[in-house]
K.L.:
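Submitted below is the structure of interest, expressed as structure tokens.
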Amino acid sequence: MPELPEVETVRAGLEAHVVGRTIASARVGGARAARRSLGGARHLEEGLAGAHVAAAVRRGKFVWLTLADADGTDGATGTGAAPHPAPDVDRSALLFHLGMSGQLLVRGAPDAVDLPQPRHLAARLSFTDGGVLDFVDQRTFGYLALDPLVPTADGGPGGDAGSGTAGPEVPAQVAHIARDLLDPTLDLAALVRRFRLRRTTIKRALLDQTLASGVGNIYADEALWRAKVHPERALAGMAPATVRRVLERAAEVMRQALVQGGTSFDALYVNVNGASGYFDRSLAVYGQQGRPCPRCEARIARLVFANRSSHVCPRCQRAPSPTPR
DNA sequence: AGACGCTCCTGCATGC
DNA sequence: TGCATGCAGGAGCGTC
């Protein structure tokens, strides 16, 4: 499952291999992959044709390519005589969410037309230099969208409720997503305060992308284990230092995973390094039920709540008392 | 507003 | 052997 480290690895791959190129044409497999794109697949295809890729940007688990009109000539390639004017792509981004199984594959083949279509191909971008970017998604939770860029409210230091506050602009669909835990401008103290206002459990809050983004089920479990905090503990009344420790451990484990993810992609393959990738050797609790805790050797347990699984060491992570008050 | 259950989807593991 | 069932999960959405 791609979480922040995996998506950042993808972003770096896009930056290295896609930024600076110009899209000749795009083919979007079906309505589902384009379900979040205004106007649907056709509009997406029309808008992308001729667009220049200016940058690869990420927030949390969202990654996008900022686009610019490839100066002058509209209808750069033969998408046929488009009856509608091509959408203005200048203030837009091509947004990707990888969902559970999305992959972006960069192909250098000089003749894209002859490339075999991978199973579960959701979209294919062909560049003017002959290369190809494939979006492959087995479980179809992922999507791509042509989305207008909107300014983000920048709270800066002291801005309180300002969950957002990233770079100057983000795709409209990302506007409500908070800065992620590896964002250098993240205000950790303010985040701790926001967490402690929530009337829910620490794990639910960790997974809430409007509080802090990038953490998914795997790294949430790992962070809580490292911090020795039970996932079902209520935030209300939790010591600020404890909340802070959890957030710091989450950042730490994602940073470590990123180092490993970053080494695992080569020139032509933008890797999605999920649980089945390299970092799984380093997982202490996720998917380790029945195995000994690396710290104390108690058996790792798997809990289910909110229709999701959590993995804990029953000795290191003390369960909350069954009836608070 | 915030909290939370439900839903989308496919491949694989498990069970009978 | 073959079919049915369950499970995995991000995040939008509806409901209270």
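What you see is a predicted model; the values in this text were computed from it and never measured. Naming convention: chains lettered A, B, ... in sequence-line order (proteins, then strands); numbering from 1 in each chain.
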K.L.:
I want to check one thing: is the phosphate of C:dA11, taken as OP1 and OP2, less than 4.0 Å away from some side-chain N or O of A:His97?
P.N.:
yes

K.L.:
Provide, to the nearest angstrom, the distance between the CG atom belonging to A:Leu144 and the P atom belonging to C:dG10.
P.N.:
20 Å

K.L.:
What is the distance from CG of A:Asn217 to P of C:dC7, rounded to the nearest Å?
P.N.:
15 Å

K.L.:
Whole angstroms only, please: what is the CG-C1' distance between A:Leu207 and C:dG9?
P.N.:
10 Å

K.L.:
Which is more 5' along DNA chain B, the nucleotide nearest A:Asp208 or the one nearest A:Arg308? Just name the residue.
P.N.:
A:Asp208

K.L.:
Where the side chain of A:Glu3 is defined as all heavy atoms beyond and including C-beta, which of C:dC13, C:dG10, C:dG9 is the nearest nucleotide?
P.N.:
C:dG10

K.L.:
Angle, rounded to 10°, between the helical axes spanning five pairs at each terminus of the helix from B:dG2-C:dC16 to B:dC16-C:dG2?
P.N.:
50°

K.L.:
Linking directly or through intermediates, with side-chain heavy atoms under 4.5 Å: list the remaining ILVMFWY members grouped with A:Val312, chain and number order.
P.N.:
A:Leu303

K.L.:
Please report, rounded to the nearest Å, how far the P atom of C:dG10 is from the CZ atom of A:Arg32.
P.N.:
15 Å

K.L.:
Assign each of A:Arg198 and A:Arg119 to its nearest nucleotide of DNA chain B by heavy atoms, then name whichever residue's nucleotide is nearer the 5' end.
P.N.:
A:Arg198

K.L.:
Which whole-number value in Å describes the distance from A:Gln138 CD to C:dG10 P?
P.N.:
15 Å

K.L.:
Take atom CD of A:Glu297 as the centre, draw a 6.0 Å sphere, and report whether it contains more than 12 heavy atoms from other residues, nucleotides or ligands.
P.N.:
no

K.L.:
Mind checking if A:Arg35 touches a base, just sugar-phosphate, or nothing, with heavy atoms under 4.0 Å?
P.N.:
nothing

K.L.:
Send over the distance from A:Met100 CE to C:dC7 P, rounded to a whole Å.
P.N.:
14 Å

K.L.:
Quick one: do A:Asp180 and A:Arg58 make a salt bridge, cutoff under 4.0 Å?
P.N.:
yes

K.L.:
Stacking between A:Phe141 and the base of C:dA11 (centre distance under 5.5 Å, interplanar angle under 30°)?
P.N.:
no

K.L.:
Salt bridge or not between A:Arg245 and A:Glu248? Use side-chain N to carboxylate O under 4.0 Å.
P.N.:
no

K.L.:
Crowded around A:Arg35 CZ? As in, over 12 foreign heavy atoms under 6.0 Å?
P.N.:
yes

K.L.:
Taking C-beta and beyond as the side chain, do A:Phe135 and A:Leu98 meet within less than 4.5 Å on heavy atoms?
P.N.:
yes

K.L.:
Would A:Asp221 and A:Lys203 pass as an ion pair if we require N to O under 4.0 Å?
P.N.:
yes

K.L.:
Where each residue is assigned the nucleotide of DNA chain C containing its nearest heavy atom, which of A:Gln209 and A:Arg139 is assigned the position nearer the 5′ end?
P.N.:
A:Arg139

K.L.:
Measuring only between side-chain heavy atoms, which start at C-beta, is A:Val229 closer than 4.5 Å to A:Met238?
P.N.:
yes

K.L.:
Please give, in whole Å, the distance from C:dG12 C1' to A:Tyr143 OH?
P.N.:
8 Å

K.L.:
Going 5' to 3' along DNA chain B, between which two nucleotides do contacts with chain A fall, using a heavy-atom cut-off of 4.0 Å?
P.N.:
B:dA3 to B:dG11

K.L.:
Is it true that, when you exclude A:Arg91 itself, more than 12 heavy atoms of the residues, nucleotides or ligands shown sit nearer than 6.0 Å to its CZ?
P.N.:
no

